[in-house]
Amino acid sequence: MKIIGTGSSLPKNTVSNDDLAKFLDTNDEWITTRTGIKTRHLLTTEDLYDLAVDAAVKAIQASGLRPDQIDFLLVSNVANRHVTPGLSCIVQKRIGLTCAGLDINVACAGFVNALMLADSMMKSGHAKNILILCAEEPTKYCNWHERDCSVLFGDGAGAVVLTEGNAFKDVKLTMISDRDVLYYERGMETTPFESHYIKGQPLVMKGKELFRTAVSESAKDIKTILDREHLTPDDINWFMLHQANKRIIEGIRTIVGGTEEQYPTIIQKYGNTSSASIPIMLDEMLRADQIRQGDKIIMSAFGAGFVSAACLWDWEF
Ligand code: COA
C-alpha cells in the first residue's frame with residue numbers, strides 16, 4: 001500500500017489565545033507554555049461536511065484518479081451532529097464517489113487504525129484504491145464556559161488516497177479500556193421504561209493522567225516498531241505524531257530519541273484536530289516538498305479509550 005494523494009481543509013476562522021482570554025480565565029502565556037498552541041481554526045459559517053468534502057476532493061485530485069476509481073471510503077470521525085447516518089454516507093455523493101464506505105471511531109488514533117484497515121482490505125483483494133477521510137470538530141463537544149479543554153482543540157479535515165504498493169511496512173495498535181480518562185457523553189431520548197436518565201455531558205478529561213499515559217504508551221508503540229524492524233531513531237526521517245500537546249511530543253522524543261527536526265509540528269497553528277492532525281500535517285509536508293522517495297516515516301497517535309497506534313512507512317511516490 002502507498003499514498004498517492006493528500007488533501008486537507010481548515011475552517012476560515014483563526015482564533016488566537018488572546019481571543020480566548022477575552023471570555024475565559026486563561027492567557028497566552030499559560031496556553032503556550034503548557035501546550036505549544038498559539039492559534040486554532042474554528043468552524044463558524046462552514047460546517048464539518050464542507051471541510052470533509054474539500055479535503056477529500058483535494059486528495060482525489062492530487063492522486064490523479066477519478067472519483068469513480070475509488071473502491072472504498074473509510075471515514076474517521078469521533079462525533080458530528082448526525083449519529084446516523086455515518087459521515088461516510090453524508091459526504092459520499094458530494095465527493096463524487098459511488099463506492100461503499102464505513103465510519104470508524106478510534107478517537108484521535110483513527111487515522112492509523114484506518115490505515116491498518118485499508119492495508120487489510122487491499123491484501124484481501126477487496127479494494128485497490130481507498131480514500132481515508134478524517135474529519136473532526138472536537139470544539140463542538142467542549143464546554144466553552146470552562147478553560148481546561150476548550151483551549152486545546154481545533155477543527156479540521158485531512159484525507160489520503162491509497163493504492164497498491166510496498167510503502168506501508170508495519171503497524172501496532174493498542175487499547176487499554178479506561179473510559180474515565182477522556183470522554184464525551186451525548187444525551188439520548190428518554191423512554192417510558194428508563195429509571196436513570198443520563199443527560200449528555202461535554203468533554204471530561206483527566207489531563208495529567210492522559211498526558212502520562214500518552215507519553216508512555218506512544219513511546220512503547222514506537223519502540224516496538226523500531227525493534228521489530230531492526231531500526232534505530234537515526235534511521236527515521238520523520239516521526240509524525242498526533243498533535244495534542246507540544247510537551248507530549250517532547251516527552252515521547254525524550255524516551256524514543258531523535259532530534260527536534262525529526263518531529264515536525266503543526267500544533268502551534270491548529271491545536272488538537274483529533275484524528276485529522278496527522279493527515280493534515282502529512283498533506284502540508286508533501287505540498288512543501290519536505291518528504292523524499294525512501295524516507296522512513298513513523299506515525300503515532302493516541303486518544304480517548306485509552307487507545308494508541310503507530311505505523312512505519314518506507315515512502316514511495
Ligand atoms: N488557562 C489557565 N489556567 C488553566 C487552564 C487554562 N486554559 N487550564 C487549566 N488551568 C489551571 C488549572 O485550573 C490548574 O490550576 P490550579 O493549580 O490552581 O488547580 C492548573 O492550571 C494546572 O496546571 P498544570 O498542573 O501546570 O497543568 P498541566 O501541566 O497538567 O497541563 C494540560 C494541563 C491539560 C495542558 C495537560 O495536562 C495536557 O496536555 N494533558 C493532555 C491533554 C490531551 O492531550 N488531551 C487530548 C488527548 S487526544
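Note that the coordinates shown come from a computational prediction; the quantities given were computed from them, not determined experimentally. One-based numbering, in listed order, for ligands and for the atoms of each. Numbers for residues simply follow the sequence, beginning at 1.
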With a 4.0 Å cut-off on N to O distance, would you call [X] and [Y] a salt bridge?
| X | Y | value |
| --- | --- | --- |
| E217 | K220 | yes |
| D28 | K38 | yes |
| K140 | E137 | yes |
| E164 | K123 | no |
| E250 | R253 | yes |

Sub-4.0 Å atoms of ligand 1 with respect to non-hydrogen atoms of [X]:
| X | value |
| --- | --- |
| T35 | 35 (C) |
| A244 | 44 (O) |
| R34 | 23 (O), 24 (P), 26 (O) |
| C108 | 48 (S) |
| N272 | 46 (C), 48 (S) |
| L210 | 43 (C), 45 (N), 46 (C), 47 (C) |
| R247 | 28 (P), 29 (O), 31 (O) |
| V151 | 7 (N) |

Is there a polar contact between ligand 1 and [X], counting only N or O atoms under 3.5 Å apart?
| X | result |
| --- | --- |
| H242 | no |
| T26 | yes |
| D148 | no |
| F211 | no |
| N27 | no |

TODO: For atom 35 (C) of ligand 1, state which one of V307, N245, V78 supplies the nearest heavy atom.
DONE: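 Looking at heavy atoms only, N245 sits closest to atom 35 (C) of ligand 1.
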- [ ] Between C149, G207, A304, flag the one that comes closest to atom 41 (C) of ligand 1 by a heavy atom.
- [x] G207
Tell me whether [X] contacts the main-chain N or O of [Y] through its side chain, where contact means a donor paired with an acceptor under 3.5 Å.
| X | Y | result |
| --- | --- | --- |
| T32 | G36 | no |
| D314 | K296 | no |
| E316 | N166 | yes |
| D295 | R292 | yes |

Task: All side chain to side chain contact (heavy atoms under 4.5 Å, CB included) counterparts of D50, not counting sequence neighbours - done: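 With neighbours one apart ignored, the set is E46, D47, R94.
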Kindly state if [atom] has a protein heavy atom within a strict 4.0 Å cut-off, that is, under 4.0 Å?
| atom | result |
| --- | --- |
| atom 37 (O) of ligand 1 | yes |
| atom 16 (P) of ligand 1 | no |
| atom 25 (O) of ligand 1 | yes |
| atom 6 (C) of ligand 1 | yes |
| atom 32 (C) of ligand 1 | no |

Let me check something: any side-chain donor-acceptor pairs from residues 3-12 under 3.5 Å, sequence neighbours excluded? List them with distances.
| residue | atom | partner | partner atom | Å |
| --- | --- | --- | --- | --- |
| T6 | OG1 | D283 | OD1 | 2.7 |
| S8 | OG | D283 | OD2 | 2.6 |
| S9 | OG | D54 | OD2 | 2.7 |

- [ ] Report yes if the side chains of M122 and N129 come closer than 4.5 Å at any heavy-atom pair, otherwise no.
- [x]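 Result no, sub-4.5 Å side-chain heavy-atom pair not found.
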TODO: Scan N245, I248, T254 and name whichever one has a side chain to side chain contact (heavy atoms under 4.5 Å, CB included) with V215.
DONE: I248
Open item on the list: Other residues, nucleotides and ligands only: do more than 12 of their heavy atoms fall within 6.0 Å of NE2 on H82?
Closed with: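 Correct, the count exceeds 12.
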Nearest-contact summary for [atom] - protein heavy atom, Å:
| atom | value |
| --- | --- |
| atom 27 (O) of ligand 1 | K208 NZ, 3.9 Å |
| atom 34 (C) of ligand 1 | M205 CE, 3.8 Å |
| atom 9 (C) of ligand 1 | W30 CZ2, 3.6 Å |
| atom 11 (C) of ligand 1 | R147 NH2, 3.5 Å |

